[in-house]
Amino acid sequence: MNKTLLIIEREYFSRVKKKSFLLMTFLVPLLFIGMYALVIFIFIKGDNNLKQIRVLDQSGVFENKLADKKNLDFQYIKGNYVQAKKDLLESKADFLLYIPSNYESAKNIEIVSEKKPGLNVLGDIEDQMESILQDRRLIQAGIDTAVINQAKPKLSINARQITEEGEKDASVGASFVVGFVAAFLIYISLFIYGTQVMRGVIEEKTTRIIEVIVSSVKPFQLMLGKILGIGMVGLTQFLLWIALSAGLATLAGTLLINTDETKAKVEQLGKERAGMATAAGDTDADMLMNFTKAASTVDIPYIIGTFLFYFLGGYLIYSALFAAVGSAVDNETETQQFMLPITLPLIFTFIIGMNVIVNNPDSSLSFWLSMIPFTSPIAMIIRIPFGVPVWELALSMSLLIGGFIFTTWVAARIYRVGILMYGKKTSYKELAKWFLYKE
Amino acid sequence: MLSIRNIVKQYATHRALDDVSMEIEHGKIFGLLGPNGAGKTSLIRIINQITAPDNGQIFINGEKLNPSHITQIGYLPEERGLYKKMEIGEQMLYLARLKGMHKEEATRKIKYWFEKMEMQTWWHKKVEDLSKGMQQKVQFVATVVHEPKLIILDEPFSGFDPVNAELITKEILELNKKGATIIFSTHRMESVEQLCDNIALIHKSHKILDGSVKQIKNSYRNNTYQIEYTANGTDFKINDELFELLNQQKLGEGQQITLKLKEGKSSNDVLAYLIPQVHITQMTEVIPSINEIFIQKVTALN
């Protein structure tokens, strides 16, 4: 056991002391903050890519009624459709919106452009036209649109969960974001650190130091020491990331909120809400409010705790397999054939997770995926922000521990033979044979 | 010191060692000889407890081989290797501590060896910055730094330049004098013939011969002599009752002949016969090299 500690020590410090480790540790939070800042920036500035739209309205219904927006600029033209289309190519305008006089019966409104129009542009124009048309019909029917606007209800449902500890806000949006980020981090880090284990094994094999080492320690001790040492590197990196991100986020938050533009935006949002303004425009404000509210409902220590557990559990399972793969090959290019079955469950769970589990965290598929040790590190971490019964969590964790003991045992049996085999192309049949060798 | 009894090692389709037994005496230099693929490395791996035999047992000083013996064995594998990106001093320390040494003691010993091998300035260097020969020296130090009682050297001289090979040989002999038992494993039999007290020949998973080098050579002598002489005009006459002429060739001014004595005749008889006829400058007995003995033995087996 003492020797395993020595190996852990070497694996850990030889990596932590590397420049690339320091670089990753400081760069990644900066990148995250940068992305975060970028999102806020875009949110404030809006989509600056102004689209010019020529409107050829032969019905006269929409003339001067389509409202310019931050990314849309409407110009009204006269003439015939064929000529207008020709002109479009020579002009700077992006789109030509053609509304024939008989549009209501013929349903033949067209938009033409050189490039395909974006969905949001189309949607925006459609919304505006529908609303204008609706108003027009209401007035034609003798109904005062002001009355309708006042009567329009404005509701936002507060999702609340009843648990044994009492009621609490259930914020689906925040759960989604937290689950996604955590699952993504686990997914990526299982690959990063698993591959590091595999590279370490291959390095020892190709430099042939392996024979010196295994004449001093048991192959199992070496494999375990390597896995644990690199796992600790991963943990260190995560803890540093969490600390740094928290620090930087606070800093960036304070800086951003103090800029005038942000203040103005926030004030504007506030006013709009206060005045119970028109329907359009304040969905953004709602989202921001909801998000801030939701973020405060997330139990951060609980999330971080379970995250670290599932990262470690998943890492131990997969890195043992990666170690076995590393032992079976002579260089990294040969690893391909063995990597697929290892990475497949990870990719599968991640995709299923993003599409099924987040939408239905309590379905039976979600349940089973969060129990199977190969998929639970990702599946469970997506479910956790939505709330998971204690017994399910306990069962999943126990299965994960059992799973990693099992895979480590299997991997060790392959590893002990593989590390001493040079210059042989290995097949699955061969691996099975190694597994069956007795001590 | 080391008693190897009836070792069998079976790989999937190939039997690497078949009922191999040998005794290695304390304080001796032992040569484990045989061509590539004979099973030498398999046996060494078993002694190092890297793999386990399918059958048979190994005893060290009467004790059954167990993990506690690891600290007493120093092993230089045929395939040399060190961590390329790790500092040499640190690496030595790591390897010594894996062999069970304490940090302080290991540091002292490493410094001692670095000084002895004139590599004091290498401590903070990385392996990738050293030449092949320098790496070999580092590897040798890693093998002996924990003062093993049994040193196993697999193909020790491959990769060494003549100067370093000489240096390493000197160190090995010194360690042997201090009481360490040495096992040389090599397929280049002539390289260790002079160093070894005892040898074992391994061929196709079987031990085909073992014993002291002197005895083996003695038992393979076959009354063959090489004689150099200068003839004064006329050559000597062949005497079929005394010897059989195996070879005759010109050698500078004189002649060299190889001859085999007939049963019951001695080298003195030949000399007495030849001296009156030619001028003899040299006479040596032809003693077969281990390599020749090996070939002879293998041919006989087939």
Side-chain angles (χ1 to χ4, degrees), chain A residues 1-15 17-20 199-222 225-226 229 330 415-424 426-427 429-439, chain B residues 9-13 41-42 44-55 67 69-87 90-103 106 126-128 135 138-140 142-143 145-146 148 150-152 154:
Chain A
M1 208 54 218
N2 197 12
K3 287 180 181 174
T4 313
L5 279 179
L6 257 174
I7 293 164
I8 294 175
E9 193 188 310
R10 193 200 86 85
E11 297 292 339
Y12 181 77
F13 284 107
S14 70
R15 282 181 174 78
K17 278 188 200 158
K18 267 191 196 159
K19 281 187 203 106
S20 56
R199 287 220 182 96
V201 173
I202 295 176
E203 186 207 352
E204 275 167 359
K205 220 184 140 177
T206 48
T207 59
R208 306 288 158 98
I209 191 167
I210 189 75
E211 206 147 336
V212 180
I213 305 270
V214 293
S215 71
S216 306
V217 300
K218 289 217 172 305
F220 180 70
Q221 289 176 304
L222 178 62
K226 187 172 281 297
D330 279 338
Y415 177 86
R416 70 196 165 131
V417 182
I419 47 173
L420 294 171
M421 294 278 177
Y422 308 118
K424 233 201 213 171
T426 319
S427 62
K429 213 174 132 194
E430 200 100 8
L431 289 192
K433 248 189 239 159
W434 295 355
F435 173 74
L436 293 173
Y437 278 163
K438 51 183 184 155
E439 273 308 312
Chain B
K9 179 75 187 172
Q10 177 80 40
Y11 291 113
T13 52
T41 302
S42 292
I44 289 174
R45 281 185 178 167
I46 290 170
I47 300 171
N48 274 304
Q49 301 176 61
I50 293 171
T51 52
D54 294 317
N55 224 327
H69 290 125
I70 282 172
T71 55
Q72 299 178 25
I73 303 179
Y75 173 40
L76 180 74
E78 176 179 3
E79 302 281 1
R80 315 289 153 74
L82 295 161
Y83 289 109
K84 289 205 163 34
K85 302 213 180 287
M86 205 174 172
E87 280 181 14
E90 215 180 310
Q91 188 154 191
M92 291 292 101
L93 204 55
Y94 175 59
L95 293 175
R97 289 177 72 193
L98 281 185
K99 281 282 186 192
M101 283 181 105
H102 288 286
K103 200 173 177 177
K126 286 180 181 164
V127 170
E128 53 188 0
Q135 289 180 25
V138 174
Q139 191 110 42
F140 177 74
T143 308
V145 70
H146 57 288
L150 177 64
I151 301 172
I152 303 174
D154 201 353

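Just so we're on the same page: letters track the sequence lines, and every chain starts at 1.
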Top contributor to chain A contacts, counting heavy-atom pairs under 4.5 Å, from B:Ile70, B:Leu98, B:Asn48: B:Leu98

When rounded to the nearest 0.5 angstrom, what is the spacing between [atom1] in [X] and [atom2] in [Y]?
{"X": "A:Glu204", "Y": "B:Leu82", "atom1": "CD", "atom2": "CG", "result": "12.0 Å"}
{"X": "B:Glu79", "Y": "A:Lys205", "atom1": "CD", "atom2": "NZ", "result": "11.5 Å"}
{"X": "B:Gln135", "Y": "A:Thr207", "atom1": "CD", "atom2": "OG1", "result": "10.0 Å"}
{"X": "B:Leu95", "Y": "A:Arg10", "atom1": "CG", "atom2": "CZ", "result": "9.0 Å"}

side-chain hydrogen bond (donor to acceptor under 3.5 Å, both in side chains) assessment of A:Glu9 paired with B:Tyr94: CA-CA 10 Å; A:Glu9 193 188 310; B:Tyr94 175 59; over 6 Å; no

Presence of salt bridge, B:Arg45 and A:Glu211, under 4.0 angstrom: yes

Partner residues of A:Arg15 under the salt bridge (Lys or Arg N to Asp or Glu O under 4.0 Å) criterion, sequence neighbours left out: A:Glu11

B:Lys85 vs A:Lys18 side-chain heavy atoms within contact, under 4.5 Å: no

Heavy-atom pair with the smallest gap, counting every atom of B:Lys99 and A:Ser216: CE-OG, 3.3 Å

Engaged part of B:Arg80 at the chain A interface, taking heavy atoms whose separation is under 4.5 Å: backbone

B:Glu78 versus chain A, the contacting section by heavy-atom distance below 4.5 Å: neither

Part of A:Ile7 lying under 4.5 Å from any heavy atom of chain B: both

Residue A:Ser215 versus chain B: region with a heavy atom under 4.5 Å: both

Qualifying residue, where the test is side-chain contact (heavy atoms from CB on, under 4.5 Å) with A:Ile209 and the options are B:Gln91, B:Met86, B:Lys84, B:Gln139: B:Gln91

